[in-house]
Amino acid sequence: MWGHPADERLIDLAEGAGDERARQHLAACASCRAQVDELRATLLEVRAADAPEPAPLYWQAFRREVARRLDAPRPRPSARWWLVPALAAGAAAAVFVLPRPWAERGPGATQPVAATLPAWTPLPTVDEDEGLAVLQAFASGDALASVGECRDLAECAAELGERDREGLESAFGAPARGGQS
Amino acid sequence: MLTTPAGGETQDAAREAERAAILASQRGDTRAFDLLVERYQRGVYRLCYRYLNNHEDANDVAQEAFLRAYKAIGRFRGDSAFGTWMYRIAVNACLNFRAARRPPAEELPEGLPDRGLAASERLERDERSSLVRAAVTRLPERQRATLILKVYHDLSHEEVARILGSTVGTVKANLFHALANLRKHVVGAATSAARPARAGGRE
């Protein structure tokens with residue numbers, strides 16, 4: 001015999017569709033009616049919470065950027081995706097290079113951060129080296145344009161989105177917070 | 001909704017122009033592809049925004065979707081509408097993006113954010129909307145994709161099923177569960193949290 005309609009049928013009913021039998025059941029069953037009403041209310045609420053519409057000029061910029069990347073000789077990831085490795089690579093280099101004078105002072109001398117690194121790690125091949133692409137991009141000036149004007153790590157971090165900043169922080173193991181509230 | 005012909009053009013002319021653009025793109029004509037970008041960028045960007053809930057990511061992923069579409073356009077056979085094919089690429093791009101970047105482990109907000117003085121009705125509505133949008137991004141992937149395509153893009157169950165490589169029955173079931181989850185987590189939570197917050201002081 002006919003029980004309560006399945007989930008799919010309730011969706012039909014909420015959309016004003018549904019076969020005769022389902023509609024008859026709905027007319028007779030208060031609990032299904034309540035469920036269908038809830039589905040409708042939620043649908044309306046979700047529909048009303050739509051994403052904001054960007055400014056009309058945005059679409060021109062979008063097209064232009066897609067066209068530029070299509071015509072670019074070699075596709076590369078968009079600026080923001082390599083921004084974090086870029087900053088991380090720079091800082092890692094700083095960590096590795098700067099402490100060396102202390103490290104070479106002989107036994108007993110403090111060996112700050114570099115001491116925790118393994119004595120020897122294989123260098124990545126050119127293809128694997130993400131940092132290389134980053135440095136090339138920096139050399140060509142692309143990256144600076146996307147970073148904007150920031151003088152140090154904290155300032156650059158302040159310009160990043162929340163998740164990029166978290167990525168940066170986890171790369172350093174320390175908060176890289178700038179003027180962000 | 002899958003085709004958005006420019007004003008003045010008849011449906012047929014728009015379809016013909018699209019077909020020509022697809023063929024030319026398949027021969028490597030990036031300018032022809034630009035017509036397809038123009039026609040579908042709004043739908044794709046907004047799909048990504050609804051999926052990722054912020055402009056920067058939506059912009060990146062929507063562009064990425066078009067680049068992928070261009071690379072793959074040689075394999076587009078025309079057995080489905082170009083829009084269906086394009087949306088499938090966009091949904092996949094969103095999925096990949098989210099898989100690559102673990103989303104921040106936020107809890108659902110307990111109530112509406114503090115706005116100091118009694119919020120105007122408009123502000124409240126905006127806050128409620130952003131609450132709903134945030135909750136949409138926390139739905140399981142299939143439910144979210146289904147809900148977004150069905151509710152915001154006004155596609156039929158059949159079209160959504162084609163985009164997601166699924167069946168009409170599954171689409172309806174996923175939509176049902178998506179709505180039930182949203183109801184449970186947001187709509188109810190916001191309503192019950194908003195009341196005491198307004199009556200009493202702030203935490």
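Throughout, a chain's letter reflects where its sequence line sits, starting with A, and its residues are numbered from 1.
- Looking at B/Asn53, neither its backbone nor its side chain comes within 4.5 Å of chain A, counting heavy atoms on both sides.
- Residues A/Leu70 and B/Phe66 are not in side-chain contact: their nearest non-hydrogen atoms beyond the backbone lie 4.5 Å or more apart.
- The candidate with the highest count of non-hydrogen atom pairs below 4.5 Å against chain B, out of A/Val46, A/Leu10, A/Leu39, is A/Val46.
- Taking CZ from B/Phe176 and OG1 from A/Thr42, the interatomic distance works out to 10.0 Å, rounded to the nearest 0.5 Å.
- For the pair B/Arg46 and A/Asp50, the minimum side-chain heavy-atom distance is below 4.5 Å.
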| task | Show your reasoning for whether side chain to side chain donor-acceptor pair (under 3.5 Å) applies to B/Gln41 and A/Arg63. | result | CA-CA 8 Å; B/Gln41 59 180 352; A/Arg63 271 171 75 190; 5.5 Å; no
| said: Using salt bridge (charged side-chain N to carboxylate O under 4.0 Å, His left out), reason through A/Asp7 and B/Lys172 one step at a time and then give a plain yes or no. | reply: CA-CA 7 Å; A/Asp7 300 346; B/Lys172 286 180 187 174; over 6 Å; no
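- For a residue to count as touching a neighbouring chain, one of its non-hydrogen atoms must lie under 4.5 Å from one of that chain's; by this rule A/Leu43 touches chain B with backbone and side chain alike.
- Only the side chain of B/Leu147 comes within contact range of chain A, judged by heavy atoms closer than 4.5 Å.
- B/Arg42 has its side chain within reach of A/Glu53: a pair of non-hydrogen atoms, C-beta onward, lies under 4.5 Å apart.
- Rounding to the nearest 0.5 angstrom, the gap separating the CD atom in A/Gln35 from the CG atom in B/Leu179 is 11.0 Å.
- Between A/Tyr58 and B/His55 the shortest side-chain heavy-atom distance falls below 4.5 Å.
- Interatomic distance, CG of B/Leu67 versus CD of A/Glu65, reported as 8.5 Å (0.5 Å rounding).
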- request: With side chain to side chain donor-acceptor pair (under 3.5 Å) as the test, would you mind laying out the steps for B/His157 and A/Glu8 before giving the verdict?
  value: CA-CA 11 Å; B/His157 293 298; A/Glu8 297 102 281; over 6 Å; no
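- In this structure, chain B has a heavy atom under 4.5 Å from the side chain of A/Glu15, while its backbone stays farther away.
- Looking at B/Val132 and A/Arg47, their side chains never come closer than 4.5 Å, going by heavy atoms from C-beta outward.
- At a threshold of 4.5 Å between non-hydrogen side-chain atoms, the residues B/Tyr49 and A/Pro52 count as touching.
- Of the two parts of B/Ala62, the backbone and the side chain both hold a non-hydrogen atom closer than 4.5 Å to a non-hydrogen atom of chain A.
- A salt bridge is defined here as a Lys NZ or Arg NE, NH1 or NH2 lying under 4.0 Å from an Asp or Glu carboxylate O, and B/Asp34 with A/Arg64 fails to meet this definition.
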Dump the intermediate steps for salt bridge (charged side-chain N to carboxylate O under 4.0 Å, His left out) on A/Glu38 and B/Lys184, then the final yes or no. CA-CA 11 Å; A/Glu38 269 197 3; B/Lys184 196 163 61 200; over 6 Å; no
